[in-house]
Amino acid sequence: MINITLPDNSIKAFEAFPTGMDVAKTISEGFARSCVAMEVDGQPMDLSCDITCDCGLKFITTRDDAALEILRHSAAHVMAEAVQNLYERAALTIGPVVEDGFYYDIDMDPISEEDFPAIEAEMQKIIKAKKNFERTVVSKDEALEMFKDNPYKVELIQALDDQEISLYRQGGFTDLCRGPHIPHTGMIKGVKLMKTSGAYWRADQTRQQLQRLYGTAFFDKKALKKHLHLIEEAQKRDHRKIGTKLDLFSFHQEAAGMPFFHARGMDMWNVLLDYWREAHREAGYVETKTPVMLSRHLWEKSGHWENYRENMYTSVVDEEEYAIKPMNCPGGMLLYKTGSHSYRDLPLRAGEIGLVHRHELSGALSGLFRVRAFHQDDAHIFMMPEQIEEEILGVLQLVEKVYSQFGLGFHLELSTRPEKSIGSDEKWEQATNGLRNALDKYGKEYLINEGDGAFYGPKIDIHIKDALGRTWQCGTIQLDMALPERFDLTYKGADNGKHRPVMIHRVIYGSIERFFGILVEHFAGKFPLWLAPVQAILLPINDALNSHAKKLQKQMSALGIRCEVDKRTESLKKKIREAQVNYVPLIITVGEKEKESGTLAVRTLDGKVRMGLTMEEFSQVVLKHIKERTLDAQLFQ
RNA sequence: GCCCAUGUAGCUCAGUAGGUAGAGCGCUUCCUUGGUAAGGAAGAGGUUCAACGGUUCGAAUCCGUUCAUGGGCUCCA
């Protein structure tokens, strides 16, 4: 007789040992069908397992996020079987679940997406056959014997501590696996292979290159469709495409990974920085600037020469070696040391829009998201140890203010001391507590990544969430216990003694180039008025009105509205269409009526037209929206 | 840096048994002077197909190298 406690605290008693599925069926047949796996006292297990003692039992149903992972892992097995059926010499390695799907690394000849239909067809056969996933346990030696033809599996098995090894079998296919799995292959309703790439065995460049096959799977076709739609949507928003279309920026072979900003892109760039400067001035920051190229001696002192050299561009000037800065901090150190500092002057918040260069691997470059030259909206804050909490809190508040200006949500992650680190236990504790207390005081939930901090100090990373729900790490607040030491920074305390200041590095946009790209995708090119590269376009109805339109443009420009005239000899319809597809927020048609009455006919992107606005009325509304940086597309009531 | 794919007019792309380049958009000119999502016609534009080298009587098309781009891997003290 055993008693099983369910999440609602009800207890079910069984005479014999039931399987999980048996228990599920006592709830209802329908419920049992939706069950994927179970947790017995928190341990994930297959539904087919016997329950042999009193325990707490929680079913994982198709609605749980955990279920999706189990399904995808099972789908990886199905894909592996399919590949093995089709390619005899394919040697399986590992096939984990990743965000959005799964992959399997397989030692086989290179394949391409053209091979996908055949593999998918084979997978469908396996799925249709509704093969049960059966778990068996063997000894390590037995497992080694079974997989003796596959050196990868042998290596995996040997690395396992357990003496007992679980295997999963679906039909004639068996794979080494911890499990759990879904009951049978038929539950995989929506599955698709996504892409393929090379990957190294154990991520080691010196070892065998494997074929990585990516796929994704869902419990129903609809969810798969939705997922594919989201991907499509993201592709449409690709900042590289929109950047070209809206004439914002470009890339050239002559400077790989280093973006060129066009006039319109620069307009937006300046708007971003104007806002940044305004917000930082209000938050008590000063702005500084340090050189792009600095002597090797400095980098040796900062430790970059030793630790970051492979990413740095160098040059020789007058027989002295120089490096182009990959970070702004060493220059910031020199600035701090320019004068003496009193505790009364702390915290000192020194911002810098610093242009940095990092030699990223050629294969890593990607649009504005991964570049070799970019600007950081950096700031170094120097303070007394007891100011850490309040200062961090201030940065968090600034972060929230800036991101919400763009309608971006965010979440926080705290990274603590890693194994390899410098500094005393006491200092780490003080620093980490400072960050933690600030986070607690701030009140928003945060994740903790134990041991994920930099070797020189703990940090808070800020991940923003865009309109498609994708997250991007942009902001970071890093406490640095190394540099103040290396550069012997001091301040004069109230006791008239020398003290070591605490320093943090922090960015909010992060890389301005990257943030720019994120904004392009977040808004899908349809920027709010205050950000739009072209805020208003004047469309003369006929050529005779070009000069009147030109006059209006001058007036608007003088008011600070970014405004153009489309004076091509084209039909009004065409000009409107183009302005509309280029997302110009204010489309102003200029006809005889407007000229005579001195008014404006304004069309907004929702297609609505307001006639008879005076320049006064128009500019009042428009300038208000620009000044307040509103996100709302409803410009006029 | 590694693997795979791609690189043709400003943009998007077509062009395979290798025979000396095309379309749409854009641009220019002309006609139309139009009232809220594409009016019509003509024309220019590629140092000739990323660059360099090779095979061939002949290469955008085949081969090699390099560069760049894309997707991954890796890296990101």
Side-chain angles (χ1 to χ4, degrees), chain A residues 98 103 105 109-115 194-214 231 235 238 240-241 243-247 250-258 262 299 302-312 326-327 329 358-367 369-370 372 418 420-422 453-457 473 476 478 480 482-483 511 539-546 567-584 587-594 601-611:
Chain A
V98 289
Y103 69 79
D105 282 347
D109 293 330
I111 63 170
S112 72
E113 297 191 8
E114 285 164 29
D115 304 304
M194 301 302 290
K195 56 196 167 197
T196 160
S197 78
Y200 299 101
W201 171 236
R202 307 251 107 172
D204 184 343
Q205 275 195 51
T206 63
R207 307 194 66 178
Q208 181 67 36
Q209 171 110 26
L210 310 167
Q211 295 300 308
R212 177 167 295 181
L213 290 184
Y214 284 90
I231 292 175
Q235 273 166 359
D238 191 318
R240 292 165 297 200
K241 278 189 193 146
T244 304
K245 183 181 147 202
L246 298 186
D247 196 17
S250 57
F251 285 91
H252 302 273
Q253 248 183 251
E254 290 78 357
M258 304 186 186
H262 299 191
W299 301 108
S302 69
H304 288 82
W305 196 263
E306 189 188 345
N307 295 304
Y308 203 67
R309 168 131 171 67
E310 66 276 20
N311 280 311
M312 290 161 67
M327 297 177 198
C329 27
R358 298 180 183 176
H359 187 260
E360 301 291 350
L361 294 179
S362 59
L365 303 178
S366 175
F369 288 167
R370 200 59 185 270
R372 283 176 171 163
K420 243 183 78 183
S421 62
I422 58 151
F455 78 86
Y456 51 78
Q473 197 228 299
T476 181
Q478 307 193 352
D480 193 325
L483 287 180
S511 149
L539 311 181
I541 274 179
N542 62 49
D543 296 351
L545 290 156
N546 282 354
K567 48 186 191 306
R568 293 173 306 166
T569 306
E570 292 290 352
S571 66
L572 183 65
K573 274 174 185 287
K574 181 158 187 169
K575 292 182 188 178
I576 287 174
R577 178 170 195 275
E578 282 184 21
Q580 193 87 38
V581 301
N582 285 320
Y583 308 127
V584 180
I587 301 167
I588 303 165
T589 45
V590 181
E592 324 287 355
K593 272 189 250 164
E594 285 74 28
V602 181
R603 180 184 163 120
T604 42
L605 287 178
D606 51 14
K608 286 189 192 145
V609 182
R610 286 86 180 166
M611 315 280 284

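Letters A, B, ... are given to chains in the order of the sequence lines, protein chains preceding strands, and every chain is numbered from 1.
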For a quick check of understanding: with a heavy-atom distance under 4.0 Å over all strands, which category does [X] fall into, base, sugar-phosphate or nothing?
| X | value |
| --- | --- |
| A:Lys245 | nothing |
| A:Ala482 | nothing |
| A:Gly367 | sugar-phosphate |
| A:Tyr214 | sugar-phosphate |
| A:Arg358 | nothing |
| A:Gly257 | sugar-phosphate |
| A:Ser366 | sugar-phosphate |
| A:Ala256 | sugar-phosphate |
| A:His304 | base |
| A:Leu210 | nothing |
| A:Glu306 | nothing |
| A:Arg212 | sugar-phosphate |
| A:Gln235 | nothing |

Atom of [X], atom of [Y] and distance for their closest heavy-atom approach:
| X | Y | value |
| --- | --- | --- |
| A:Pro418 | A:Gly453 | CG-O, 3.3 Å |
| A:Arg358 | A:Pro326 | NE-O, 2.9 Å |
| A:His304 | A:Met312 | O-SD, 3.9 Å |

Atom [atom1] of [X] and atom [atom2] of [N]: how far apart are they, to the nearest Å?
| X | N | atom1 | atom2 | result |
| --- | --- | --- | --- | --- |
| A:Leu572 | B:A38 | CG | P | 10 Å |
| A:Arg568 | B:U29 | CZ | C1' | 15 Å |
| A:Glu578 | B:G26 | CD | P | 6 Å |
| A:Lys195 | B:G72 | NZ | P | 4 Å |
| A:Arg370 | B:G71 | CZ | C1' | 15 Å |
| A:Arg309 | B:A77 | CZ | C1' | 15 Å |
| A:Leu539 | B:G34 | CG | C1' | 13 Å |
| A:Lys574 | B:G35 | NZ | P | 17 Å |

Please tell me if [X] has a side-chain N or O lying less than 4.0 Å from either OP1 or OP2 of [N].
| X | N | answer |
| --- | --- | --- |
| A:Thr244 | B:C11 | no |
| A:Arg240 | B:G70 | yes |
| A:Arg577 | B:C25 | no |
| A:Arg603 | B:G35 | no |

Can you check whether [X] reaches [Y] side chain to side chain, under 4.5 Å on heavy atoms?
| X | Y | value |
| --- | --- | --- |
| A:His359 | A:Arg372 | yes |
| A:Lys245 | A:Asn582 | yes |
| A:Glu592 | A:Asn542 | yes |

Identified pairing partner of [N], criterion: Watson-Crick or G-U wobble below 3.5 Å:
| N | value |
| --- | --- |
| B:U47 | none |
| B:G70 | B:C4 |
| B:A41 | B:U29 |
| B:C11 | B:G24 |

With A:Lys420 as the cation and A:Phe455 as the aromatic partner, state whether NZ or CZ is under 6.0 Å from the six-membered ring centre and within 45° of the axis.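 Because its charged atom misses either the 6.0 Å distance or the 45° angle limit, A:Lys420 does not stack over A:Phe455.
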Reading RNA chain B from 5' onward, which residue's closest nucleotide shows up sooner: A:Ser571 or A:Tyr308?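 This one resolves to A:Ser571.
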If you assign each of A:Asn311 and A:Phe251 to its closest nucleotide in RNA chain B, which residue comes earlier from the 5' end?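 The 5'-side residue here is A:Phe251.
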Listed nucleotide nearest any side-chain atom of A:Glu360, set B:C75, B:A77, B:U33: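 Selected nucleotide: B:C75.
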